[in-house]
Q: 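One structure is given below, represented as structure tokens, and several questions about it will come after.
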There are 2 protein chains.
Amino acid sequence: MQSKIYKSNKDRTQATRAQLIAAARELFVEGGYADTGTPAIVKKAKVTRGALYHHFVDKADLLTAVIAEEAQAVAESIISHAEGTSAIQSLKNGSRAYIEAMQVPGRTRLLLEIGPAVLGTNLMRKIDDGAAHRTLLDGLKAAFDDDQAKSKDIEVLADLLSAAFDRAAIAVSAGADAEIYVNAMERLIEGSLAR
Amino acid sequence: MQSKIYKSNKDRTQATRAQLIAAARELFVEGGYADTGTPAIVKKAKVTRGALYHHFVDKADLLTAVIAEEAQAVAESIISHAEGTSAIQSLKNGSRAYIEAMQVPGRTRLLLEIGPAVLGTNLMRKIDDGAAHRTLLDGLKAAFDDDQAKSKDIEVLADLLSAAFDRAAIAVSAGADAEIYVNAMERLIEGSLAR
DNA sequence: CATTTAACATACAGGCTGTATGTATGCAAT
DNA sequence: ATTGCATACATACAGCCTGTATGTTAAATG
């Protein structure tokens, strides 16, 4: 007599992974990566460590899954807000969408603190589908279009601006007024174009 | 018959701490914080774990000492290059000095990756004496002087630009051409002033 | 010179990670 | 429907690491 029987293995896997990812997300956000042990994670997820290590090769792999979900949500938000207009307008819309998407609780912690620290910026770039970076780069290129600015310079600019975007997202998530930072980013971008 | 006798306890402490900090610095840069155990550190420093835990309350405290040394070196470089002129010129000189000071091997790793991740941005701000931030803020305020830009806006701008500075330092330490990034930062700053 | 104190060295306890092994259930083919 | 295999776990174990407690030696102090 079993207490629980699953319809299919696929559903079972799906459910277990989801529980683990949700529990891990919550605990990582609360207590950071290093200080959150797998025993605590599986307790909250109501499975055993055996299940965890069956589905994920190690603790970092579980974090990767958490981060990937988070990054995809942000990318979708940017894309949905940026699509369907000029690259320049996409940049404007996408900028606001990014900073706002980053406001769901724990998101800046996961994507801008824990992720880069534990997985490295390299792997983070691979996980990120690059929607933010692409929108930014396309917008800048379009704005510079008739200008003779070198493509390399634009990429450098995009790199620097994306760092500023991240800082803006963090500041807002820490309590700063979003409008102020969105406007500041807009001025920064427009200023960089004027030449 | 002892193999080694120290002149004074002060010198002995000084030497031991220096060895530990140097060994830790090297290993943290190579292998990151979490993957570098205290046994490896004391082995390289040629002391025992007892010495480590006598001088530092825990592993994070040792990292703090490493970071503090590093931050002070950067601050001194900025100050020495920025002092003695107008705030605006100080900003220009300080900008280049910052990015160049960050090029000593391992420095971006320690100050911009490991430090914030392990100690948190809060504690990092306390360790940092804020030379970079002050130079930046003073420069911007001076540039805006006759303008009616609100002080709050300038602080936001400084926050965003400092994130860009950090990214520039990382990019250059990863192999990018310093001149390109220094120029890009200059343009970004000047653009933000034009209004 | 006796005593205290600082600077270690050594030994130990607890916790955590990853692996190895055991078990039950779904699933596929006959 | 039964047999055989693969999947999805659960449990047990080994190794490492951190921080603490305890012991020892040399320096400082009166």
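Every chain is numbered from 1, with letters handed out A, B, ... down the list of sequences.
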Q: In this structure, how many angstroms lie between the P atom of dA7(C) and the CG atom of D11(B), rounded?
A: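 After rounding, the gap between these two atoms is 11 Å.
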Q: Rounded to the Å, how far apart are F56(B) CZ and dC8(C) C1'?
A: 14 Å
Q: Under 4.0 Å between a side-chain N or O of H54(A) and OP1 or OP2 of dC9(D)?
A: no
Q: What is the distance, rounded to the nearest whole Å, between atom NZ of K46(A) and atom C1' of dA10(D)?
A: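 Between C1' of dA10(D) and NZ of K46(A): 18 Å.
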Q: Side-chain N or O of T16(A) less than 4.0 angstrom from OP1 or OP2 on dC9(D)?
A: yes
Q: From D128(A) CG over to K126(A) NZ, what is the distance, rounded to the nearest 0.5 angstrom?
A: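 These two atoms lie 12.5 Å from each other.
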Q: Is it the case that D166(B) and Y98(B) place a side-chain donor and acceptor less than 3.5 Å from each other?
A: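 Y98(B) and D166(B) do have a side-chain donor-acceptor pair below 3.5 Å.
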Q: If you compare every side-chain N and O of S8(A) against the phosphate oxygens of dG26(C) (OP1, OP2), does one of them come in below 4.0 Å?
A: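 No, S8(A) has no side-chain N/O under 4.0 Å of OP1/OP2 on dG26(C).
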Q: CD of Q14(A) versus C1' of dC9(D): gap in Å, rounded?
A: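 Going from CD in Q14(A) over to C1' in dC9(D) covers 17 Å.
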Q: Please determine, by modelled atom types, if R109(A) and S173(A) share a side-chain donor-acceptor pair under 3.5 angstrom.
A: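 The criterion, which ignores hydrogens and geometry beyond distance, is not satisfied for S173(A) and R109(A).
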Q: Write down the distance between CG (D35(B)) and P (dT18(D)), rounded to a whole number of angstrom.
A: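 So the CG-P distance, D35(B) to dT18(D), works out to 11 Å.
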Q: So, does H55(A) get its side chain near the phosphate of dC9(D), meaning an N or O under 4.0 Å from OP1 or OP2?
A: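 So the side chain of H55(A) is within the cut-off, an N or O lying under 4.0 Å from OP1 or OP2 of dC9(D).
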Q: Hey, what are the protein-to-nucleotides 17-20 of chain C N/O distances that come in under 3.5 Å?
A:
{"from": "dT17(C)", "atom 1": "OP1", "to": "T38(A)", "atom 2": "N", "distance (Å)": "3.3"}
{"from": "dT17(C)", "atom 1": "OP1", "to": "K59(A)", "atom 2": "NZ", "distance (Å)": "3.2"}
{"from": "dT17(C)", "atom 1": "OP2", "to": "T38(A)", "atom 2": "N", "distance (Å)": "3.0"}
{"from": "dT17(C)", "atom 1": "OP2", "to": "T38(A)", "atom 2": "OG1", "distance (Å)": "2.5"}
{"from": "dG18(C)", "atom 1": "OP2", "to": "Y53(A)", "atom 2": "OH", "distance (Å)": "2.5"}
{"from": "dG18(C)", "atom 1": "OP2", "to": "K59(A)", "atom 2": "N", "distance (Å)": "3.3"}
{"from": "dG18(C)", "atom 1": "N7", "to": "R49(A)", "atom 2": "NH2", "distance (Å)": "2.6"}
{"from": "dG18(C)", "atom 1": "O6", "to": "R49(A)", "atom 2": "NH2", "distance (Å)": "2.6"}

Q: Is it true that the side chains of D61(A) and Y53(A) contain a donor and an acceptor less than 3.5 Å apart?
A: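 On atom types as modelled, these side chains do not qualify, holding no pair under 3.5 Å.
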Q: Check each of R96(A), M102(A), Q103(A) against I99(A) using the side-chain contact (heavy atoms from CB on, under 4.5 Å) test, and report the only one that passes.
A: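 Between I99(A) and the candidates, side-chain contact (heavy atoms from CB on, under 4.5 Å) is satisfied uniquely by Q103(A).
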Q: Measure CZ/R12(A) against P/dA6(D) and give the value in whole Å, please.
A: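 The distance from CZ of R12(A) to P of dA6(D) comes to 18 Å, rounded to the nearest Å.
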Q: In terms of heavy-atom contacts, does CG of D11(A) have more than 12 from other residues, nucleotides or ligands at under 6.0 Å?
A: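 Yes, because the 6.0 Å sphere around CG of D11(A) holds more than 12 heavy atoms from other groups.
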Q: Between dT11(D) atom P and L52(A) atom CG, what is the distance in whole Å?
A: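 Taking atom P of dT11(D) as the reference, CG of L52(A) is at 15 Å.
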Q: Taking only Lys NZ, Arg NE, NH1 and NH2, and the carboxylate oxygens of Asp or Glu, determine whether R25(A) and E69(A) approach each other closer than 4.0 Å.
A: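 So R25(A) does not pair with E69(A) through a salt bridge.
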Q: Give a yes/no answer on whether the side chain of T48(B) brings an N or O atom under 4.0 Å of OP1 or OP2 in dC8(C).
A: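 Indeed not, no polar side-chain atom of T48(B) lies that close.
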